[in-house]
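Every heavy atom of this structure was used, including side-chain atoms; hydrogens, water molecules and symmetry mates were not.
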Amino acid sequence: MRSLLQSAYILHARPFRDTSLILDIFARQHGRLSILAKGARQAKRRAVVFEPFQCLELSWAGRGELPVLAQVETTYSCRLIGKVSMYSGLYLNELLVHLLHKHDPHEALFDDYDQCVRHLESPSIVLEGRLRFFEKRLLEELGYGLALLTTTDDTGREQLIAEHTYYYDCERGLIDMSFSGDTKLSMLPQISGRSVKALLEDDYNDINCLQEMKRLMRYVLNYHLAGKVLQTRTLFRRSDVDV
């Protein structure tokens, strides 16, 4: 069985035998899957470079866990220059590899990823905003959306106050620091009501808010990664890159 030609990005490529590659891809209509690119490492097949951050049109044939690449065309190629852009792109790919189930379509998320890739060479604050937006959308697509609309406290009130500071717990959502005496909560990330409102409204223009959003997202993603280590975070630390 041969698939229809469709948009896809390569998340990771690894050698297979002497001349081929196994490509982990994110396809618009099929989600994440692996395909075999026979002869991809031979000179005659190098008209298309099988690298990340290229939007390709792909089709493949076969019903097993490793169908064979049938047709490929390049439609967009992002040539990244600099550590921030490169590491940020690799970070996005690692999130998808670790968190998406295979053969689970996410067409809206594919479009979000495509737009984020096209912003990888943007100025720092723009890029950081796109990364936070993508993290938020990824969590929503997986059914792990952030519980930001209400807050709980000892009086049972539900409201969001810009001037207040909140803890965030993956099981309980926002917890107003003003009404909580639980010392165990000090291990949780803190975020201001102002930053919560900015995140709800997809407003990523304030540097201070972005820093709080980043701490929140790292905590939530680590929770759902369940012990899986992102290699790009190690690269960030070693290179003094912080996105």
Side-chain angles (χ1 to χ4, degrees), residues 6-12 23-34 52-55 76 78 80 84-120 122 124-149 168-171 173-174 188-189 191 195-204 209-236 241-243:
Q6 64 179 282
S7 298
Y9 276 92
I10 295 172
L11 302 177
H12 182 67
L23 307 176
D24 295 324
I25 68 170
F26 183 32
R28 194 175 193 279
Q29 297 173 351
H30 285 75
R32 186 173 72 85
L33 70 154
S34 297
F53 320 125
Q54 296 185 92
C55 188
Y76 170 78
C78 181
L80 300 183
V84 173
S85 296
M86 178 62 71
Y87 292 172
S88 297
L90 294 175
Y91 169 69
L92 294 177
N93 289 358
E94 266 202 294
L95 286 179
L96 294 177
V97 167
H98 285 305
L99 291 173
L100 291 187
H101 294 293
K102 282 193 172 183
H103 309 290
D104 190 4
H106 292 279
E107 293 192 27
L109 185 65
F110 179 90
D111 292 338
D112 294 328
Y113 174 84
D114 177 73
Q115 287 300 311
C116 202
V117 167
R118 294 169 191 260
H119 281 83
L120 286 178
S122 300
S124 178
I125 190 169
V126 175
L127 176 55
E128 282 206 45
R130 293 305 304 184
L131 292 177
R132 303 293 83 82
F133 173 78
F134 183 78
E135 291 166 339
K136 178 185 171 186
R137 288 286 300 117
L138 174 60
L139 290 167
E140 290 170 350
E141 281 285 312
L142 294 172
Y144 304 142
L146 298 169
L148 300 176
L149 293 178
Y168 187 86
D169 183 271
C170 286
E171 301 294 335
L174 288 175
L188 298 174
I191 186 168
S195 294
V196 173
K197 288 186 176 182
L199 188 56
L200 284 167
E201 297 168 1
D202 290 324
D203 180 356
Y204 305 101
C209 288
L210 280 173
Q211 289 296 315
E212 292 188 345
M213 292 177 194
K214 176 163 52 185
R215 288 193 292 270
L216 171 64
M217 289 300 188
R218 284 183 178 176
Y219 162 75
V220 176
L221 287 167
N222 283 340
Y223 178 85
H224 293 295
L225 283 165
K228 297 175 183 174
V229 178
L230 297 180
Q231 297 303 315
T232 43
R233 293 230 179 114
T234 302
L235 292 176
F236 290 154
V241 173
D242 190 25
V243 292

Practice problem: May I ask you to decide if the ring planes of Tyr219 and Tyr168 are parallel, tilted or perpendicular, using 30° and 60° as cut-offs? | Solution: perpendicular

Practice problem: Quick one: do Leu146 and Leu200 satisfy side chain to side chain contact (heavy atoms under 4.5 Å, CB included)? Show the steps, please. | Solution: CA-CA 9 Å; Leu146 298 169; Leu200 284 167; over 6 Å; no

With a 3.5 Å distance limit and no angle check, can you tell me whether [X] reaches the backbone of [Y] through a side-chain donor-acceptor pair?
X	Y	value
Asn222	Arg218	yes
Arg32	Leu100	yes
Ser122	Leu127	no
Gln6	Ala27	no

Closest non-hydrogen atom pair, [X] against [Y]:
X	Y	value
His224	Leu99	O-CD2, 3.9 Å
Ser88	Leu120	CB-CD2, 4.1 Å
Val229	His98	O-NE2, 3.8 Å
His30	Leu33	CB-CD2, 4.0 Å
Gln54	Tyr9	O-CD2, 3.1 Å
Cys116	Phe134	SG-CB, 4.2 Å

Quick one, [X] and [Y] - any side-chain contact, counting heavy atoms below 4.5 Å?
X	Y	value
His106	Tyr113	no
Ile10	Asn93	no
Leu174	Ile191	yes
Tyr144	Leu138	no
Val126	His119	yes
Leu148	Lys136	no

Nearest 0.5 Å, what's the [atom1]-[atom2] distance between [X] and [Y]?
X	Y	atom1	atom2	result
Ile125	Tyr204	CD1	OH	12.5 Å
Leu216	Leu188	CG	CG	10.5 Å
Asp112	Arg137	CG	CZ	4.5 Å
Met213	Glu135	CE	CD	11.0 Å
Leu90	Thr232	CG	OG1	7.0 Å
Glu107	Gln29	CD	CD	5.5 Å

Quiz item: Is a salt bridge present between Asp111 and Arg28, judged by a nitrogen-to-oxygen distance below 4.0 Å?
Solution: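 Arg28 and Asp111: salt-bridged.
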
